[in-house]
Amino acid sequence: MRTRVRGWRWRRNPLRRRSDVVEAWTVLVVAVLLLVVSPLVGVAAGLHAHGDARALAAAQRAERHQVRAVVVGDTPERPGTVRGDHRHSHRAQVRWTEPGRGTRTAWVSVPAGARAGEPVTVWLDARGRSVASPLDEVAVWQRTVTVGLCAAGGTATAVVLGHAVARRVAVRHRLAEWEREWARTGPRWTQPLT
């Protein structure tokens, strides 16, 4: 039957070595780093990314504008795409009218299966080039969560790898300490009785 004594590394006893105390403190530090610091790093990185993404979205909304255009030619059909599917897009020529500039045409990305004469929404930059729509609130939060999780995960990985290295060094020191002690004690145990 095996009895487990909790906290034996913290109490004074003749079997406790310096390496045991160092290992106990290392485990405590690692637990605090994993349970407190790693999530805080993730939250801080996420908040910073959220601010950056919101600023980028605001800048994109300021420099881009939306127009309603009409598809001039049919888009190529691809097998397996659903008409109006916004996840898949194709390039097609569209036409729209801007006040003071007249009718304009351009090649832009339109939803798969858009037919000639259908209205589509097109985003243009200040130069009139077709660009992607500005980041919406979902995309901002996706960036926030992704950066936060990656930062917390990266911190936790660094802590765990650091602990593995520290533990390996501690084991080497412990083995060397045992070897030195056995070199002192061993001859007394292995001498023949006379």
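None of these values were measured; they are calculated from a predicted model. Values below: all heavy atoms of this structure, side chains included; hydrogens, waters and symmetry mates excluded.
Both Val30 and Val37 sit in one connected hydrophobic cluster of ILVMFWY residues. Membership requires side-chain heavy atoms under 4.5 Å apart, directly or through other members. Transitive grouping of hydrophobic side chains (ILVMFWY, heavy atoms separated by less than 4.5 Å) keeps Val110 and Trp123 in distinct clusters. Residue Val131 is not grouped with residue Val67 when hydrophobic side chains (ILVMFWY) are merged at heavy-atom distances under 4.5 angstrom, including chains of intermediate members. No continuous path of hydrophobic side-chain contacts links Val147 to Leu47 [ILVMFWY only; heavy atoms under 4.5 Å]. Both Trp178 and Val171 are members of a single hydrophobic cluster when ILVMFWY side chains are connected at heavy-atom separations under 4.5 Å.
Note that CZ of Arg174 is 7.0 Å distant from CZ of Arg167, once rounded to the nearest 0.5 Å. To the nearest 0.5 Å, the span separating CG on Leu28 from CD on Glu23 amounts to 12.5 Å. Interatomic distance, Leu124 CG to Trp96 CH2, rounded to the nearest 0.5 Å: 5.0 Å. One distance of note links CD of Gln66 with OG of Ser133; it measures 8.5 Å at 0.5 Å rounding. One distance of note links NE2 of His163 with OG1 of Thr26; it measures 6.5 Å at 0.5 Å rounding. Atoms CD and CD, from Glu179 and Glu181 in turn, are 10.5 Å apart once rounded to the nearest 0.5 Å.
Across every non-hydrogen atom of Arg143 and Ala53, the tightest pair is CD-CB, 4.2 Å. For Ala116 against Val72, the heavy-atom pair with the smallest separation is CB-O, 3.5 Å. Minimum interatomic distance between Pro187 and Ala183 (heavy atoms only, all atoms of both residues): CD-O, 3.3 Å. Across all non-hydrogen atoms, the minimal contact from Arg68 to Pro119 is NH2-CB, 3.4 Å. When all heavy atoms are compared, the tightest approach of Leu34 to Pro39 is O-CD, 3.4 Å. What you find for Ala151 and Ala45 is that their closest heavy atoms are CB-CB, 3.5 Å.
When atom types are taken as modelled, the side chain of Thr155 and the backbone of Val41 share no donor-acceptor pair closer than 3.5 angstrom. Looking at Arg91, its side chain does come within 3.5 Å of a backbone N or O of Trp107 through a donor-acceptor pair.
Residues meeting the side chain to side chain donor-acceptor pair (under 3.5 Å) test with Asp52, sequence neighbours left out: His48.
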**Test side chain to side chain contact (heavy atoms under 4.5 Å, CB included) applied to Val94 and Val122, step by step** = CA-CA 9 Å; Val94 297; Val122 178; 4.2 Å; yes
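Residue Arg172 places its CZ atom among 12 or fewer non-hydrogen atoms of other residues, nucleotides or ligands, all under 6.0 Å distant. For Arg95, the CZ atom is loosely surrounded, since the number of other residues' heavy atoms within 6.0 Å does not exceed 12.
A 4.5 Å side-chain heavy-atom check between Val120 and Pro111 finds at least one atom pair inside the cut-off.
Each of Leu135, Thr144, Val140 was scored for a side chain to side chain contact (heavy atoms under 4.5 Å, CB included) with Arg54, with one residue passing: Val140.
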